Amino acid sequence: MQAVSNIHSLERPLSHGMIDFAPLFMHQTVETAQSGTTIFFEGDAARHVFRIVRGNVRICRFLPDGRRLIIGFLGAGDLVGLSFRNRYMFAGEAIDEVAFTRMNKRTLEEELQLVPDFRLQLLSQLRDEISAAQDHMLLLSHKNAEQRVCTFLLHRLERSEGRDGRTISLPMVRADIADHLGMTIETVSRTLTKLVAKGILLPADKHQFKVASRLALARTADEDPDDVFEDVDAGARYAGTRYQ
């Protein structure tokens with residue numbers, strides 16, 4: 001994999017989410033990484049923390065036998081590379097074209113001392129990441145293939161920037177989803193096809209699905225939905241459609 005290159009300025013930084021660390025990084029140069037580029041490698045000295053401005057990043061580790069485990073997926077506004085050790089415990093790879101800024105770890109620590117609110121926000125993010133890691137272990141150890149895919153889709157729906165509250169964005173390839181859920185690519189594809197056939201998902205753009213029934217998706221995932229919306233007619237209209 002190639003190293004990060006093509007440093008340039010971005011006219012308008014983007015961010016989303018409740019926790020916005022953009023002010024901390026506003027004076028840092030914006031860099032770009034093309035799809036497939038490694039932003040930082042597992043085992044590298046952990047000198048920097050990165051903030052994603054645009055695009056999507058997969059966080060992964062590689063086993064001694066060469067297998068890849070994807071820990072999670074991050075997008076615009078997220079921080080990546082936070083490490084309490086001297087070396088990164090995982091690698092950060094660009095899924096699509098990614099724009100990001102980086103800050104020296106020591107500089108970030110100094111900034112956090114000056115702005116207590118950001119320090120509290122960072123602790124909140126770390127707490128959420130620990131909770132997400134625990135949920136992921138539960139998913140891999142106790143859920144079947146269909147439940148794993150549906151749980152993943154629910155999490156992606158929560159991150160969606162779509163205003164309709166129904167669109168799921170999947171910028172990653174099926175192999176990424178498989179490595180994240182401990183499944184094969186074929187099983188991921190068959191499960192998505194099955195969910196479309198059931199009318200739970202509706203075909204949308206190449207990297208998107210629409211949820212016809214959040215209640216059905218949550219039940220299939222063996223999760224409790226925090227809110228429910230239904231469109232039975234839409235689900236029935238697409239039932240039996242094969243996902244390509």
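This is a predicted model, so every value here is computed, not measured.
Applying the 6.0 Å contact sphere to CZ of Arg47 captures no more than 12 heavy atoms from other residues, nucleotides or ligands. Residue Lys194 qualifies as open at atom NZ: its count of foreign heavy atoms under 6.0 Å is 12 or below.
No salt bridge links Glu42 with Arg87; every basic N to acidic carboxylate O contact stays at or beyond 4.0 Å. Salt-bridge check for Asp222 with Arg148: failed, with every basic side-chain N at 4.0 Å or more from each acidic carboxylate O. The residues Arg190 and Glu146 are annotated as not salt-bridged, no charged nitrogen and carboxylate oxygen being separated by less than 4.0 angstrom. A salt bridge links Glu223 to Lys143: at least one charged side-chain nitrogen sits closer than 4.0 Å to a carboxylate oxygen.
Residues Val211 and Ile168 meet the side-chain proximity criterion, which asks for heavy atoms closer than 4.5 Å. Within the 4.5 Å cutoff, side-chain heavy atoms of Asp44 are placed close to those of Phe41. Counting heavy atoms from C-beta on, the side chains of Leu153 and Leu201 come closer than 4.5 Å. Looking at Leu170 and Met172, their side chains come closer than 4.5 Å, going by heavy atoms from C-beta outward. Between His180 and Ile177 there is no side-chain heavy-atom pair separated by less than 4.5 Å. Side-chain contact check for Lys105 versus His48: every heavy-atom pair is 4.5 Å or farther apart.
Residue Leu63 belongs to a hydrophobic cluster whose other members are Leu69, with links defined by side-chain heavy atoms closer than 4.5 Å.
The ring of Phe50 has its center closer than 6.0 angstrom to the ring center of Phe40.
For Phe25, the ring pair (Phe, Tyr, Trp, His ring centres under 6.0 Å) test picks out no residue, with sequence neighbours left out. Evaluation of the salt bridge (Lys or Arg N to Asp or Glu O under 4.0 Å) rule for Arg67 yields Asp65 as partners, not counting sequence neighbours.
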Audit row: Glu31, Arg102, side-chain contact (heavy atoms from CB on, under 4.5 Å) steps and yes/no: CA-CA 8 Å; Glu31 305 173 51; Arg102 72 172 81 198; 2.8 Å; yes
side-chain contact (heavy atoms from CB on, under 4.5 Å) between Ile59 and Val80, worked out: CA-CA 9 Å; Ile59 304 302; Val80 59; 3.3 Å; yes
Intermediate values then yes/no, salt bridge (Lys or Arg N to Asp or Glu O under 4.0 Å), Asp179 and Arg61: CA-CA 10 Å; Asp179 287 348; Arg61 298 189 68 175; over 6 Å; no
Stepwise side-chain contact (heavy atoms from CB on, under 4.5 Å) test for Asn56 and Phe73: CA-CA 7 Å; Asn56 298 275; Phe73 302 98; over 6 Å; no
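Thr37 OG1 to Glu93 CD: the interatomic distance, rounded to the nearest 0.5 Å, is 9.5 Å. Considering OG1 of Thr29 and CZ of Phe100, their distance stands at 11.0 Å, rounded to 0.5 Å.
Here the closest non-hydrogen pair linking Thr184 and Thr187 is OG1-OG1, 2.8 Å. Annotation for Gly66 and Phe62: closest pair O-CD2, 4.3 Å, computed over non-hydrogen atoms. Scanning both residues, Val53 and Ala76, for their nearest heavy atoms gives O-CB, 3.4 Å.
The backbone N or O of Ala216 sits less than 3.5 Å from a side-chain atom of Ser213, completing a donor-acceptor pair.
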